[in-house]
Amino acid sequence: MSIRRTTVKAALAGEGAGDIRVMGWVRTRRDAKGFSFLEINDGSCLTNLQVIVEEGTPGGELLKELGTGASVAVAGELVASPGKGQRFEVRAKELALLGQADPETYPLQKKRHSDEFLRTIAHLRPRTNKYGAMLRLRSALSQAIHAYFAANGFAWVHTPIITGSDCEGAGEMFRVTALTDAEAALPAAARAEKDFFGKDAFLTVSGQLTAEPLALALGKVYTFGPTFRAEHSDTSRHAAEFWMVEPEMAFADLEDNMDLAEDLLKSLVRTAMVDCAEDFGLFAKYVDPTLTETLSTFLAEPFVRLPYREAVSILAAAKKDFAYPVGPGLDLQSEHERYLAEEHFRRPVIVYDYPRAIKAFYMRQNDDGETVGAMDVLVPGIGEVVGGSAREERLDVLEARIRELRLPLEAYWWYLETRRFGTVPHAGFGLGFERLLMLVTGIGNIRDVMPFARTWRHLEF
RNA sequence: UCCCCGGUAGCUCAAUUGGCAGAGCGGGUGGCUGUUAACCACUAGGUUGGCGGUUCGAGUCCGUCCCGGGGAGCCA
């Protein structure tokens with residue numbers, strides 16, 4: 001047996017005119033004398049399907065149970081609507097109540113709720129217009145990422161989530177263990193010995209180090225998966241678990257890297273605005289009225305490409321009181337990045353060739369001896385959405401750098417062998433998927449672009 | 001972790017100098033012949049985040065803890 005139903009999306013498109021069956025959740029009921037209007041949503045699209053229930057319809061006695069939040073099955077005829085506001089509607093022939101939602105206690109009302117309140121009911125908020133739209137957009141962009149890379153000759157590789165390397169070079173890590181409490185209390189060396197892998201294990205903070213050997217075999221690869229950072233960052237832009245897109249290209253340099261980042265970002269913004277126009281429209285109308293203009297600018301103009309050295313000059317000359325100092329060798333602070341993208345250029349800026357002292361060991365050293373081939377894409381309102389670099393492909397230079405930073409050379413033996421045998425120039429970056437979603441939706445808090453966010457001190461649901 | 005702001009009805013918020021705790025929405029009941037987050041009338045709903053203090057009297061002042069939001073650091 002199977003449930004045959006027409007989705008609201010298909011019904012609204014007029015597919016299968018005639019007798020259909022739809023199932024969904026009641027968003028609102030409006031009663032008139034002798035009949036009622038039910039608005040049904042089944043998550044297939046933003047718009048609700050209007051159902052007309054005449055008095056005397058079989059199951060019509062259930063109407064009083066069919067308030068906001070209840071689930072219902074409607075059999076009826078899909079007809080052109082005589083009213084304004086919708087092309088099609090369903091004239092019910094039979095109603096069935098699937099699940100009640102007590103109006104006294106159902107938390108969602110027909111009106112708008114605050115994001116803060118909806119976060120406390122993350123299991124129900126996907127039934128709201130805004131979070132439904134966000135989740136459909138999240139899905140569409142995930143698929144667009146795979147489509148983009150497929151169309152451009154990249155292989156999708158699955159880098160591990162559990163790693164034995166505690167120095168992937170991007171922040172604090174979560175430990176993964178199968179130890180009992182008693183075993184965990186042993187001294188470090190004995191404890192590690194006892195553990196599942198016979199050594200310490202962690203959740204990955206980046207797929208990059210394992211993606212590189214794959215790029216150095218397949219040419220162009222990307223990973224797209226969850227990453228984990230045990231940092232006590234308590235901000236609207238950080239989560240402990242988030243998704244990252246990480247392309248890695250052999251036979252590529254920093255400029256190729258920038259080209260890819262810009263093209264990928266523009267392609268995804270276009271997907272959101274064009275292919276997801278209905279859901280995007282909700283954000284452009286209610287969440288951020290400047291969104292359409294902002295993203296149109298984003299698409300229309302090339303990103304600014306600015307060497308770090310010039311960024312410092314611009315900031316030094318800015319008529320602006322920064323809380324943090326600006327100067328050669330100092331990292332750019334949030335306020336500086338925002339000034340560049342939001343005030344000075346008013347569009348995305350790629351800052352590149354950063355001082356080597358403030359960047360990771362694997363980034364390619366420039367000939368000046370002072371900078372590395374790193375790049376950050378800064379966008380107005382969000383800050384950094386992409387961070388990447390050309391990778392150091394010269395064995396001697398890479399080894400010297402690892403020694404200089406006092407990192408454990410032996411732990412990188414396999415990474416170094418990719419340089420020892422048939423090394424080639426290569427480059428890649430990480431794109432924060434949630435930050436991309438913040439960019440295309442205008443949603444200001446990362447907790448609201450994930451279904452169930454994991455952040456510092458928050459693990460409900 | 002640091003700085004700032006906040007916590008009052010299910011939700012969003014008012015409450016004068018410390019002086020009777022209110023509104024809109026949502027809910028309930030009734031009405032309305034096609035509504036569009038409908039409309040009209042009536043109605044129920046409160047340990048003012050917790051604990052302690054000052055005071056004749058505390059939503060309001062003080063202390064402390066909890067929770068939420070914004071910003072910073074770090075990063076994607």
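Throughout, a chain's letter reflects where its sequence line sits, starting with A, and its residues are numbered from 1.
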- Task: Identify whether any heavy atom of A:F117 sits under 4.0 Å from a base atom; if not, whether one sits that close to sugar-phosphate; answer base, sugar-phosphate or nothing.
- Result: sugar-phosphate
- Message: So that I know where these two stand, are A:Y222 and A:H146 an aromatic pair - ring centroids less than 6.0 Å apart?
- Response: yes
- Message: Give me the distance, rounded to whole Å, that separates B:U12 from B:G18 when you measure between the C1' atoms they each carry.
- Response: 27 Å
- At under 4.0 Å, does any side-chain N or O of A:Q333 touch on OP1 or OP2 of B:C74? yes
- Item | Ring centers of A:F361, A:Y412 separated by less than 6.0 Å | yes
- Query: Taking CG from A:D448 and C1' from B:G69, how many angstroms apart are they, rounded to a whole number?
  - Reply: 12 Å
- Message: Can you tell me whether the side chain of A:Q109 and the base of B:G27 have a donor-acceptor pair closer than 3.5 Å?
- Response: no
- Looking only at side chains, do A:T455 and A:H458 share a donor and an acceptor under 3.5 Å apart? no
- Item | Nucleotide of B:A76, B:G34, B:C75 approaching A:D331 most closely (side-chain heavy atoms) | B:C75
- Task: If B:G63 has a Watson-Crick or G-U wobble mate with both distances under 3.5 Å, name it; if not, just say none.
- Result: B:C51
- Task: Measure distances between side-chain N and O atoms of A:H232 and base N and O atoms of B:C74, and say whether any donor-acceptor pair falls under 3.5 Å.
- Result: no
- Integer angstrom distance from the P of B:A9 to that of B:C3: 29 Å
- Task: Measure from CD on A:E172 to P on B:A76 and round the result to the nearest Å.
- Result: 14 Å
- Can you tell me, in whole Å, how much space there is between the P of B:A72 and that of B:G27? 40 Å
- Would you kindly check whether a donor in the side chain of A:S233 faces an acceptor in the base of B:C74, or vice versa, at under 3.5 angstrom? yes
- Message: Between B:G34 and A:R91, counting only base atoms on the nucleotide and side-chain atoms on the residue, is there a donor-acceptor pair under 3.5 Å?
- Response: yes
- Is the base of B:U33 touched by the side chain of A:E55 through a donor-acceptor pair closer than 3.5 angstrom? no
- Ignoring backbone atoms, establish whether A:R30 has a side-chain N or O less than 4.0 Å from OP1 or OP2 of B:A38. yes
- Message: Can you measure A:L330 atom CG to B:G73 atom C1' for me and round it to whole angstrom units?
- Response: 15 Å
- Under 4.0 Å between any heavy atoms, over every strand shown, what does A:E54 touch: base, sugar-phosphate, or nothing? Just pick one. nothing
- Task: Describe the nucleic acid contact of A:D376 in one word from base, sugar-phosphate, nothing, applying a heavy-atom distance below 4.0 Å.
- Result: nothing
- Between B:G50 and B:U60 - P atom distance, rounded Å: 11 Å
- Query: Contact class for A:F433 (heavy atom, under 4.0 Å): base, sugar-phosphate, or nothing?
  - Reply: nothing
- Determine the interatomic distance between C1' on B:G22 and the same-named atom on B:G45; round to the nearest Å. 13 Å
- Out of B:C25, B:A38, B:C75, minimum distance to the side chain of A:K110 belongs to B:A38
- Message: Counting the atoms with a prime plus P, OP1 and OP2 as sugar-phosphate, which does A:G83 contact under 4.0 Å by heavy atoms, base, sugar-phosphate, or nothing?
- Response: base
- Query: B:A37 base to A:R112 side chain: any donor-acceptor pair below 3.5 Å?
  - Reply: no
- Query: In terms of the nearest nucleotide of RNA chain B, which residue is placed more toward the 5' end: A:R29 or A:R457?
  - Reply: A:R457
- Tell me which of A:T68 and A:E337 sits closer to the 5' end of RNA chain B, going by the nucleotide each one is nearest to. A:T68
- Message: Taking any heavy-atom pair under 4.0 Å as a contact, classify A:A239: base, sugar-phosphate, or nothing.
- Response: base
- Could you tell me whether the phosphate oxygens of B:G73, OP1 or OP2, come under 4.0 Å of any side-chain nitrogen or oxygen in A:S334? yes
- Item | Under 4.0 angstrom between A:S236 side-chain N/O and B:G69 OP1 or OP2 | no
- Query: Hey, would you say the A:Y362 and A:Y415 ring centroids sit under 6.0 Å apart?
  - Reply: no
- Task: Any strand is fair game: report the nucleotide pairing with B:U16 by Watson-Crick or G-U wobble, both distances under 3.5 Å, or none.
- Result: none
- Message: Can you see whether A:D115 engages A:N445 through a side-chain donor-acceptor pair at a distance of less than 3.5 angstrom?
- Response: no
- Integer angstrom distance from the P of B:G59 to that of B:G19: 10 Å
- Confirm from the modelled atom types if A:E104 and B:G26 form a donor-acceptor pair under 3.5 Å, side chain to base only. no
- Message: Taking the P atom in each of B:A44 and B:G28, what is the distance between them to the nearest angstrom?
- Response: 16 Å
- Check ion pair A:E434-A:R237 (N to O, under 4.0 angstrom): no
- Message: Looking at A:R119, I'd like to know whether one of its side-chain N or O atoms comes within less than 4.0 Å of OP1 or OP2 on B:G69.
- Response: yes
- Task: Just do the side chain to side chain contact (heavy atoms under 4.5 Å, CB included) check on A:F429 and A:M258 with the steps written out, would you?
- Result: CA-CA 9 Å; A:F429 60 81; A:M258 291 192 267; over 6 Å; no
- Separation between the C1' atoms of B:C11 and B:C4, rounded to whole Å: 26 Å
- Item | Nearest-nucleotide pick for A:H458, side chain only, options being B:G34, B:A38, B:G68 | B:G68
- Message: Using a heavy-atom cut-off of 4.0 Å across all strands, would you classify A:S36 as base, sugar-phosphate, or nothing?
- Response: nothing
- Message: Quick check: any donor-acceptor pair below 3.5 Å linking the side-chain of A:H113 to the base of B:C11?
- Response: no
- Validation row, ring centre A:H336 to ring centre A:F322 under 6.0 Å: yes
- Rounded to whole angstrom units, what separation is found between the CG atom of A:L332 and the P atom of B:A76? 14 Å
- Look at the side chain of A:P103 and decide which nucleotide, out of B:G28, B:G34, B:C75, has an atom nearest to it. B:G28
- A:F35-B:G34 aromatic stacking (under 5.5 Å, under 30°): no
- Would you indicate which nucleotide in B:G34, B:G73, B:G27 comes nearest to any side-chain atom of A:Q50? B:G34
- Could you give the CG-to-P distance, from A:L38 to B:U35, as a whole number of Å? 17 Å
- Note on the structure: Rounded to whole Å, CZ of A:R447 lies from C1' of B:G70 at a distance of 10 Å
- Query: Across all strands shown, which nucleotide pairs with B:U8 by Watson-Crick or G-U wobble geometry, both distances under 3.5 Å?
  - Reply: none
- Item | Contact under 4.0 Å: A:K33 side-chain N or O vs B:U35 OP1/OP2 | no
- Message: Please report the distance, rounded to the nearest Å, between CG in A:N48 and C1' in B:A38.
- Response: 15 Å
- Query: Does a nitrogen or oxygen in the side chain of A:R125 sit under 4.0 Å from OP1 or OP2 of B:C11?
  - Reply: no
- Task: Report yes if a side-chain nitrogen or oxygen of A:N445 is closer than 4.0 Å to either non-bridging phosphate oxygen (OP1 or OP2) of B:G70; otherwise report no.
- Result: yes
- Message: Can you confirm whether more than 12 heavy atoms, excluding those of A:E55, are under 6.0 Å from its CD atom?
- Response: no
- Note on the structure: To the nearest angstrom, the CD-C1' distance between A:E434 and B:C75 comes to 14 Å
- Message: Suppose we define a pair by two distances each less than 3.5 Å, Watson-Crick or G-U wobble; what does B:C42 pair with here?
- Response: B:G28
- Task: May I ask you to decide if the ring planes of A:Y354 and A:Y308 are parallel, tilted or perpendicular, using 30° and 60° as cut-offs?
- Result: tilted
